[in-house]
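Accompanying notes for the structure given below.
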Amino acid sequence: MPSDPEWMAEMLRRSCALPLTVDAKLVDRPPNPGRERSLELMLMQLYRIRTLRITSVRPVSQRCAELLNGPAPVLRCLRVNGVLLKHDDALDGTSSSPAMLARDKTPNLEELSLGGDLRADSGVRIRGPCAETLTCLRICVHGRTGQACWPSVPELMQILATVPSLETLVFDRRVAGRAEPVDADAVMPQELPRLHTLSLSSHAAECATLLNLLGTPSLRVLCVWASSASRHLDTLAPAIAQKIRVLEPTIALEVAGFRKSPHEPLWLLGRVSNESNAANTVSTRSRLSFDITLHNLRDHGAAIVDLFPRLSLGEVETLGVEGDRIPEVAWIAMVENLDKAKALMLDGLYTPAHLPEILRVRPAPGLVDTDAATPVEAAESAICHLPNLREIWLNSACLSRENDYRAGQLGAWATRFCEMLRERAERGDGTGLRYMRLRQCTNISPALLEALRSVVLDKVESPYPEEEFLEADIVLPTGERYDPRGRETFDWDEYMPV
């Protein structure tokens, strides 16, 4: 929007009676009176504005506030970022903006976005009832610690009562400090029968409260970003699980976390089948179903053990895991119900650490005397996690100690890994692995590659041709030797089981 009111008036004259798209940014320091006058001229044409975006770092003039209260019959998209009214005007309760949100003034509004430093005294309110055409609502609050931010949970429920036609709701309140306590029993739950996309970003306690208060029978996509998750996992985990259970069956699941740093979040992403895609390509035959990010977790493994048994994951075909410090109990929680999973994709230096134990064939719990059982009885009663696993993809993994790699040996871990794969292959019931891909993995000696090929039924794909293993290390100009396939393993004992 120009700072010259005369040029603004000329552009409006040239536009005749055409619908307008307005992007007004009042961010000048110091304030630019010409730009605010241009905004007044633009808002005098509110009756023909189709898209209006206003970003303001300070309250607008009284004249602009009055113009915003006028009718906007063709307005479809309104985005307001910042404080529009002076606090004195807002506190007296007689003014609120944008008042045009009433149904009789914006009968065709489809998308509403409010954001910025929305304090309780900012004057931004949604009185309603809003137009039945309003399908998308975004409220993004970024305040400071100690401030009362609008809207509170009860106020948000009152807002949602005025927009039952919502299909997309985004609520983002990333404000430092603790969440304001809410008596959920005193707040009226809201049913949003048409809502298909729900995105919440806030304190874990507030996320749990909102998930429990919102009825979403048509939900298709759930996104949750929660801070302080450790303190409120006991209420957040069941609230998340309850929403995920009403989604379409998950076919692809990704889990990331388990890092050394306590600041790394735990991230869960689920995808569902996209049957409407005619092309059915690998990149588009699935679509996002849920995206969960949990911050400030002291123990990622404990969170997985708490959350996963609550989820319905029986249709998962692909499991992707990223991280280096994944406890065995977390692995078991992730895989114990994935009987249809066909592919396991791991990314991380020591992510495969517990695979020999997790994927091994073991006697069924009901078989008490394994020594007395015949070989046929033992084989028929043996069980294993991921019984339909056909592919393992390893990315950036270290598969043996450096001294074993240099000596051309498998090493203790790789030996157990190959023994596990051989046990699965020898069962003859389809549990044997058919394909393995190694990408950017290190410490793979020719002996280890050959051992893997002997127990994988179809193919082991490595980025290194066999002849490369026989070549000398690369000699750098400094005279030092560099081996792109090898790495030091001083941290091996910290991550890998003995």
Side-chain angles (χ1 to χ4, degrees), residues 79 111-115 134-142 149 151 153 156-157 159-160 163 166-175 179 190-230 232-233 235-257 264-274 283-284 286-297 300 303-304 306-308 310-313 316 318-320 322:
R79 298 179 184 177
E111 177 185 343
L112 172 62
S113 177
L114 302 175
L134 184 58
T135 59
C136 179
L137 174 62
R138 293 182 176 89
I139 300 178
C140 302
V141 185
H142 300 279
C149 295
V153 170
L156 179 60
M157 291 299 107
I159 292 171
L160 297 179
V163 283
L166 274 187
E167 296 177 4
T168 298
L169 173 61
V170 177
F171 181 73
D172 186 336
R173 192 199 324 258
R174 304 190 193 188
V175 180
Q190 291 300 326
E191 187 82 5
L192 298 174
R194 294 170 55 182
L195 193 77
H196 58 68
T197 301
L198 174 62
S199 177
L200 302 177
S201 301
S202 188
H203 191 279
E206 189 164 71
C207 286
T209 300
L210 291 174
L211 289 170
N212 289 327
L213 287 173
L214 292 174
T216 55
S218 303
L219 193 65
R220 299 179 64 198
V221 179
L222 173 67
C223 298
V224 176
W225 183 101
S227 61
S228 302
S230 279
H232 305 278
L233 192 63
T235 56
L236 182 61
I240 290 175
Q242 181 183 19
K243 292 299 182 188
I244 291 179
R245 281 197 293 267
V246 305
L247 301 175
E248 296 178 40
T250 303
I251 65 167
L253 177 65
E254 299 177 40
V255 183
E264 291 287 339
L266 178 65
W267 178 66
L268 309 176
L269 186 144
R271 294 186 177 276
V272 299
S273 176
N274 188 9
S283 60
T284 58
S286 64
R287 62 169 179 81
L288 179 68
S289 176
F290 60 84
D291 186 343
I292 312 298
T293 306
L294 305 179
H295 287 263
N296 312 118
L297 275 176
H300 288 192
I304 290 293
D306 187 358
L307 182 58
F308 265 66
R310 306 175 188 269
L311 304 179
S312 300
L313 300 173
V316 170
T318 301
L319 172 64
E322 180 180 350

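The figures here come from the full heavy-atom set of this structure, side chains too, leaving out hydrogens, waters and symmetry mates. One is the number of the first residue; the rest follow in order along the sequence.
At a threshold of 4.0 Å, the pair R271-E248 does not count as salt-bridged, since none of the basic side-chain nitrogens sits closer than that to a carboxylate oxygen.
With rounding to the nearest 0.5 Å, the separation of CG in L137 from CG in L160 is 6.5 Å. Annotation: the span from L311 atom CG to L253 atom CG amounts to 8.0 Å, rounded to 0.5 Å. Rounded to the nearest 0.5 Å, atoms CG (L166) and CG (L198) are 10.5 Å apart. Taking OG of S230 as the start and CG of N296 as the end, the distance is 7.5 Å to the nearest 0.5 Å. To the nearest 0.5 Å, the span separating CG on L134 from CD on E167 amounts to 10.0 Å. Taking OG of S202 as the start and CG of L210 as the end, the distance is 7.0 Å to the nearest 0.5 Å.
Using a distance-only test at 3.5 Å, with no hydrogens or angles considered, no donor-acceptor pair links the side chain of D172 to the main chain of C140. The closest donor-acceptor contact from the side chain of S218 to the backbone of H196 lies at 3.5 Å or more, if one exists at all.
Across I159 and P151, no two heavy atoms sit closer than the pair CD1-CB, 4.2 Å. Considering every non-hydrogen atom in both C207 and L200, the closest pair reads O-CD1, 4.1 Å.
For H295, the side-chain hydrogen bond (donor to acceptor under 3.5 Å, both in side chains) partners two or more places apart in sequence, or in a different chain, are W225. Looking at residues two or more places apart in sequence or on another chain, you find a side-chain hydrogen bond (donor to acceptor under 3.5 Å, both in side chains) between E322 and R259. Remark: E254 engages no residue in a side-chain hydrogen bond (donor to acceptor under 3.5 Å, both in side chains) (not counting sequence neighbours). Annotation: side-chain hydrogen bond (donor to acceptor under 3.5 Å, both in side chains) contacts of D291 (sequence neighbours excluded): W267. For A229, the side-chain contact (heavy atoms from CB on, under 4.5 Å) partners at least two apart in sequence or on another chain are L294, L297.
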Going by atom type alone, with no hydrogens or angles, which donor-acceptor pairs under 3.5 Å involve a side-chain atom of residues 238-246 and a protein atom two or more places apart or on another chain?
from: K243; atom 1: NZ; to: L211; atom 2: O; distance (Å): 3.4
from: K243; atom 1: NZ; to: L214; atom 2: O; distance (Å): 2.4
from: K243; atom 1: NZ; to: T216; atom 2: OG1; distance (Å): 3.1
from: R245; atom 1: NH1; to: R310; atom 2: O; distance (Å): 2.8

